[in-house]
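All values below were derived from every heavy atom in this structure, side-chain atoms included, with hydrogens, water molecules and symmetry-related copies excluded.
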Amino acid sequence: MSIDDNELAWRLKHEGVRAGEIVAYRAWRVLINPGGWFRRSSDDRLHSVYMRDYVWHPDEPASGDVRTHGIYSFRRVIRSNEDYGYVKLGDGPLLFGKVKIWGEIVEHEAGYRSEFGKIVSLDYGDPDLLHKFRRIYRVNHGGPVAR
């Protein structure tokens, strides 16, 4: 006796768990003077805070293997270096905002490590840099965020 895939799927009991996107919070580094020349401009991409060479591109999701690093984000809003627990590992100011994460997700006490992430809004940081990067990433301020 053979059971086709549709019939087998129909017989499985649903346990109430659904996969989908999660909104989380994180920080990005802005590299000032990335070329090493005597100028005070930044490049036009946001970078990972700890992995300086990891670039967030505007038109594609960030991605990473959750077994080795993944896309880190927090469960609660972060608005400053102090909220982030930032220890200066390099140069450049930080911007803070929301991301949607999906794919394989590992949950931690403070947040998540996900396979994919996409910037939803840029909410806190230097006003001039926020303006610049909101245009580049085509996102807005996400509005007031409760702690």
Side-chain angles (χ1 to χ4, degrees), residues 5-6 9-10 12-147:
D5 291 338
N6 288 334
W10 188 78
L12 291 174
K13 182 181 176 193
H14 189 285
E15 296 295 332
V17 176
R18 295 195 182 270
E21 296 174 335
I22 296 172
V23 174
Y25 306 90
R26 65 166 287 129
W28 295 269
R29 180 185 306 283
V30 176
L31 296 183
I32 304 294
N33 193 15
W37 298 97
F38 295 103
R39 61 179 189 210
R40 294 192 44 84
S41 65
S42 66
D43 70 4
D44 62 352
R45 296 294 181 259
L46 294 173
H47 297 261
S48 169
V49 173
Y50 290 106
M51 295 175 57
R52 179 184 173 126
D53 293 335
Y54 189 87
V55 177
W56 285 65
H57 297 286
D59 297 321
E60 58 190 65
S63 64
D65 184 341
V66 296
R67 290 169 289 184
T68 56
H69 54 84
I71 304 302
Y72 284 84
S73 56
F74 293 92
R75 189 175 288 120
R76 296 200 172 140
V77 66
I78 50 174
R79 295 182 175 104
S80 66
N81 293 2
E82 292 76 28
D83 286 350
Y84 189 74
Y86 172 62
V87 176
K88 188 156 178 83
L89 296 174
D91 296 329
L94 300 182
L95 296 181
F96 305 91
K98 287 184 238 172
V99 290
K100 282 188 179 179
I101 60 172
W102 69 93
E104 186 174 352
I105 296 174
V106 177
E107 188 169 5
H108 296 281
E109 184 176 325
Y112 311 96
R113 189 173 70 238
S114 62
E115 185 177 6
F116 299 104
K118 184 90 170 136
I119 299 172
V120 174
S121 67
L122 295 169
D123 305 318
Y124 303 99
D126 177 272
D128 292 333
L129 291 173
L130 283 171
H131 179 71
K132 173 184 176 175
F133 286 100
R134 285 174 182 155
R135 279 193 331 247
I136 291 169
Y137 286 85
R138 293 183 292 282
V139 297
N140 294 313
H141 179 323
V145 181
R147 277 193 181 265

Exercise. Apply side-chain hydrogen bond (donor to acceptor under 3.5 Å, both in side chains) to His131 and list each qualifying residue two or more places apart in sequence or on a separate chain.
Key: Arg135
Quiz item: Are side-chain heavy atoms of Ile119 and Trp28 found at a separation under 4.5 Å?
Solution: yes
Quiz item: Nearest 0.5 Å, what's the OH-CD1 distance between Tyr124 and Ile78?
Solution: 10.5 Å
Quiz item: What residues form a side-chain hydrogen bond (donor to acceptor under 3.5 Å, both in side chains) with Asp53, not counting sequence neighbours?
Solution: none
Quiz prompt | Set of salt bridge (Lys or Arg N to Asp or Glu O under 4.0 Å) partners for Asp128, sequence neighbours left out | solution = none
Quiz item: Any idea which heavy atoms bring Asp123 and Gly97 closest together, and the distance?
Solution: OD2-CA, 3.7 Å
Quiz prompt | Results of side-chain hydrogen bond (donor to acceptor under 3.5 Å, both in side chains) for Arg45 - residues two or more places apart only | solution = none
Practice problem: Scan for ring-ring contact (aromatic ring centres under 6.0 Å, His included) pairs involving residues 91-116, sequence neighbours excluded, and state none if there are none. | Solution: Trp102-Phe116
Practice problem: Give a yes or no answer on whether the side chain of Tyr54 reaches the backbone of Gly64 with a donor-acceptor pair at less than 3.5 Å. | Solution: no
Quiz item: Are Val66 and Ile105 side-chain neighbours, meaning at least one heavy-atom pair lies under 4.5 Å?
Solution: no
Exercise. Of all the heavy-atom pairs spanning Val99 and Val120, show the shortest one and how long it is.
Key: C-CG2, 3.8 Å
Practice problem: Using the test salt bridge (Lys or Arg N to Asp or Glu O under 4.0 Å), find all partners of Lys118 that sit at least two apart in sequence or belong to another chain. | Solution: none
Quiz prompt | Arg113 to His69 - nearest heavy-atom pair and separation | solution = CD-O, 2.6 Å
Practice problem: For residues Arg26 and Phe74, report the shortest heavy-atom separation together with the two atoms involved. | Solution: CA-CD1, 4.5 Å
Exercise. Supply the atom-to-atom distance Lys132 NZ to Tyr137 OH, rounded to the nearest 0.5 angstrom.
Key: 10.0 Å
Exercise. Determine which pairs satisfy salt bridge (Lys or Arg N to Asp or Glu O under 4.0 Å) with at least one residue from residues 60-71, sequence neighbours left out, and list them in order.
Key: Asp65-Arg67
Practice problem: Test Leu46 against every option in Leu31, Leu122, Ile136, Leu129 by the side chain to side chain contact (heavy atoms under 4.5 Å, CB included) rule and name the one that passes. | Solution: Leu122
Quiz prompt | With Glu107 via salt bridge (Lys or Arg N to Asp or Glu O under 4.0 Å) - residues at least two apart | solution = Arg75
Quiz prompt | Residue pair Ala62 / Ile71: nearest heavy atoms and the distance that separates them | solution = CB-CD1, 3.7 Å
Quiz item: Which heavy-atom pair separates Phe133 from Asp44 by the least distance, and what is that distance?
Solution: CE2-C, 3.8 Å
Quiz prompt | Approximate separation, where rounding is to 0.5 Å, of Ile22 CD1 and Ser73 OG | solution = 8.0 Å
